[in-house]
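Here is how names work: the chains are called A, B, and so on, in the same order as the sequence lines, proteins then strands, and each is numbered from 1.
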Number of protein chains: 2
Amino acid sequence: MAEAAGVSRAAVSKVLRNAYGVSPGMRQRVESTIEQLGYRPSVAARALRGSSYRLGLEIPHIDARFMTQILKGAKRAVAGTPYQIILAPADGPEYDTLESLADGLVDGIIAVSPLVDQAWLEDLARRVPVVMLGRHDTPAGYDTVTGDDHAGARAVMEHLLSLGHRRIAHLTEPENVTIPGSGTPHSVRLEVYRACMAEAGLSGNIQVGRRDVSGGDAVGAAAALLALPEPPTAIFAGHDDMAVDALAAVGRTVAVAGYDDTDLAAHPLIDLTSVDQQGVEMGAQAATMLLERFQGRTEPRRYMAATRLRIRSSTAS
Amino acid sequence: MAEAAGVSRAAVSKVLRNAYGVSPGMRQRVESTIEQLGYRPSVAARALRGSSYRLGLEIPHIDARFMTQILKGAKRAVAGTPYQIILAPADGPEYDTLESLADGLVDGIIAVSPLVDQAWLEDLARRVPVVMLGRHDTPAGYDTVTGDDHAGARAVMEHLLSLGHRRIAHLTEPENVTIPGSGTPHSVRLEVYRACMAEAGLSGNIQVGRRDVSGGDAVGAAAALLALPEPPTAIFAGHDDMAVDALAAVGRTVAVAGYDDTDLAAHPLIDLTSVDQQGVEMGAQAATMLLERFQGRTEPRRYMAATRLRIRSSTAS
DNA sequence: GTGAAAGCGCTAACAG
DNA sequence: CTGTTAGCGCTTTCAC
């Protein structure tokens with residue numbers, strides 16, 4: 001490449017990064033040669049020496065519709081920058097996926113990994129900039145972007161209670177995702193559920209269903225709730241995907257509310273009451289924070305998105 | 001790393017790739033040092049010299065449920081190999097996304113890019129192994145994995161016709177995706193639709209609706225079909241996502257059939273008749289073909305998955 | 001303003 | 001069986 005343009009490699013490198021110290025004439029010459037040759041710099045080589053200009057987004061469930069929102073926002077935030085987003089689907093323990101992203105593939109990581117150990121994350125964040133989604137912890141070396149799970153869950157419960165429901169069940173993820181005090185979104189939503197029930201003097205009516213550990217759907221869990229001696233009249237599902245499963249199991253016999261306000265919730269045939277926690281904005285914030293870290297920021301930042309309850313017919317009386 | 005174990009870098013490299021010429025003692029020593037240091041080889045450096053052990057899956061719409069199936073199959077196929085899958089979401093023209101994957105990030109590419117030029121692809125395939133999904137072309141340098149769009153579309157049409165429908169509309173993608181003879185899945189489905197209508201003596205009833213070019217939904221297009229002077233009694237949608245949009249627009253007043261048999265189609269509240277084209281198997285085949293190319297295969301292979309019509313209540317009379 | 005040269009962390013010949 | 005060595009393609013001082 002350098003020879004083709006009759007200049008040094010250094011010159012080419014400078015033009016590529018439009019750094020100082022290139023005369024207009026040289027820049028011109030290099031650029032036209034790049035054009036002619038269809039030359040593209042090797043990401044591997046760049047990464048070895050500097051940056052790969054790749055941003056890794058680790059996602060636990062590709063089919064979780066909430067992820068679509070996150071990606072959309074992140075894309076929007078990096079538009080116009082030289083950075084690109086690559087997705088790393090995690091299967092099972094996210095440690096491996098995160099490690100392998102950190103192995104020099106990307107300049108920074110956005111991850112949805114509520115279960116990984118904070119100390120381990122701090123360690124990772126020392127090697128590569130990290131922004132975590134949906135962690136209510138207080139990190140030293142990475143940033144967090146979360147929704148306001150307290151407010152969101154409370155809004156759902158107040159809505160259901162105001163409709164007169166007394167037997168309200170909560171449909172959530174397996175136990176390992178909802179350990180009290182762990183700060184995962186689903187642990188918070190569960191805690192709020194319990195608290196609201198207690199405040200309403202309905203502690204005796206607390207019922208918690210959980211979806212299969214095997215990553216299966218929540219249809220069975222919802223059906224099990226309905227089969228109780230005193231079945232719930234309303235189900236607060238931890239997120240829309242489970243809510244949709246619940247609808248599949250219980251039909252319109254029970255009020256169902258979800259979380260995330262995914263596009264499916266707005267579908268007329270589903271028409272699910274849900275909590276909008278601004279997933280797109282969260283994705284955009286996460287990417288922006290990463291870009292800030294690339295530019296030198298080191299002190300941690302935390303962003304919490306506001307929530308809004310979208311009431312639809314799934315909770316109509 | 002090498003010094004820490006008191007051996008040469010070459011030895012470490014060999015252990016890593018478990019190549020020949022390492023004594024058990026040395027392997028032992030190296031491995032335990034790797035363990036102690038938590039050492040992880042740099043992907044960038046490996047890629048520069050050999051392989052990155054990363055497989056790129058380019059997908060046009062992350063939210064297309066069909067992609068979930070592809071990814072699932074691909075994951076299954078690489079399980080147990082040293083390869084990992086990374087996803088590259090394409091926005092707009094796939095050329096850029098594919099190029100940037102080929103820039104040394106991955107050892108091979110699986111892509112869903114019906115619109116890119118074949119000659120251009122052949123060119124790309126000379127630089128890096130490529131498997132294309134959903135292209136009915138006859139390539140020289142890359143492999144293809146497709147569904148049997150002829151059989152699948154015909155099955156839908158025969159089903160609808162056998163139910164007595166005469167005014168059957170087709171809901172498909174924008175024109176640029178369905179250019180006759182282009183070999184895209186949607187162009188084939190459209191052609192089969194026309195052919196089946198003609199064969200049934202219903203050429204006069206052909207109605208084609210298209211979803212918004214802007215990547216929007218197909219709700220409006222479906223509503224427009226229904227607003228025709230002689231509205232269709234059945235809609236054959238090019239894929240499930242559009243079929244679900246159609247259901248949103250027309251409710252249960254019109255028979256609706258989709259394509260791909262995504263998990264949403266099986267949902268009781270949707271319960272959509274659809275064509276199962278074995279997306280998981282297609283993904284697995286694609287990944288397997290790529291692995292074969294890594295091992296030296298160069299002659300092109302083409303795989304076509306069989307289809308099966310799943311009849312559900314959305315086309316009940 | 002420009003080019004020469006060192007080196008990122010690894011792999012693949014080759015020599016020992 | 002083991003270690004030395006020469007790059008992979010780029011970025012980055014540092015002379016010129």
Look at the side-chain N and O atoms of [X] and state whether any lies under 4.0 Å from the OP1 or OP2 oxygen of [N].
X: A:Tyr53; N: D:dT11; value: no
X: B:Ser42; N: C:dC8; value: no
X: B:Arg46; N: C:dT11; value: yes
X: A:Ser13; N: D:dT12; value: no

Please state how far atom [atom1] in [X] lies from atom [atom2] in [N], giving the value in whole angstrom units.
X: A:Gln28; N: C:dT2; atom1: CD; atom2: P; value: 13 Å
X: B:Arg29; N: D:dG3; atom1: CZ; atom2: C1'; value: 12 Å
X: A:Leu48; N: C:dG7; atom1: CG; atom2: C1'; value: 9 Å
X: A:Arg54; N: D:dC10; atom1: CZ; atom2: P; value: 13 Å
X: B:Leu16; N: C:dA12; atom1: CG; atom2: P; value: 12 Å
X: A:Arg9; N: D:dT11; atom1: CZ; atom2: C1'; value: 11 Å
X: A:Arg49; N: C:dA5; atom1: CZ; atom2: P; value: 16 Å
X: B:Leu105; N: D:dC8; atom1: CG; atom2: P; value: 20 Å

**Request:** Classify the side chain of A:Lys14 and the base of C:dG3 as holding, or not holding, a donor-acceptor pair under 3.5 Å.
**Result:** yes

So which nucleotide from [options] ends up closest to the side chain of [X]?
X: B:Ser23; options: C:dT11, D:dC1, C:dG3; value: D:dC1
X: B:Ser8; options: D:dC10, D:dG3, C:dC10; value: D:dG3
X: B:Ala10; options: C:dA12, C:dG3, D:dC10; value: C:dA12
X: B:Val7; options: C:dT2, D:dG3, C:dA6; value: D:dG3

Side chains of [X] and [Y] only: does a donor on one sit below 3.5 Å from an acceptor on the other?
X: A:Thr178; Y: A:Glu173; value: no
X: A:Asp103; Y: B:Tyr53; value: no
X: B:Glu58; Y: B:Thr97; value: no

**Message:** Taking the nucleotide of DNA chain D with the nearest heavy atom to each, does B:Ala45 or B:Pro24 sit closer to the 5' end?
**Reply:** B:Pro24

**Prompt:** Could you go step by step and tell me if A:Arg293 and A:Glu299 meet the salt bridge (Lys or Arg N to Asp or Glu O under 4.0 Å) rule?
**Reply:** CA-CA 9 Å; A:Arg293 282 194 175 265; A:Glu299 72 278 12; over 6 Å; no

**Prompt:** NA contact type, B:Val12, heavy-atom cut-off 4.0 Å: base, sugar-phosphate, or nothing?
**Reply:** nothing

**Asked** Between A:Glu99 and A:Arg127, is there a salt bridge with N-O shorter than 4.0 Å?
**Response** yes

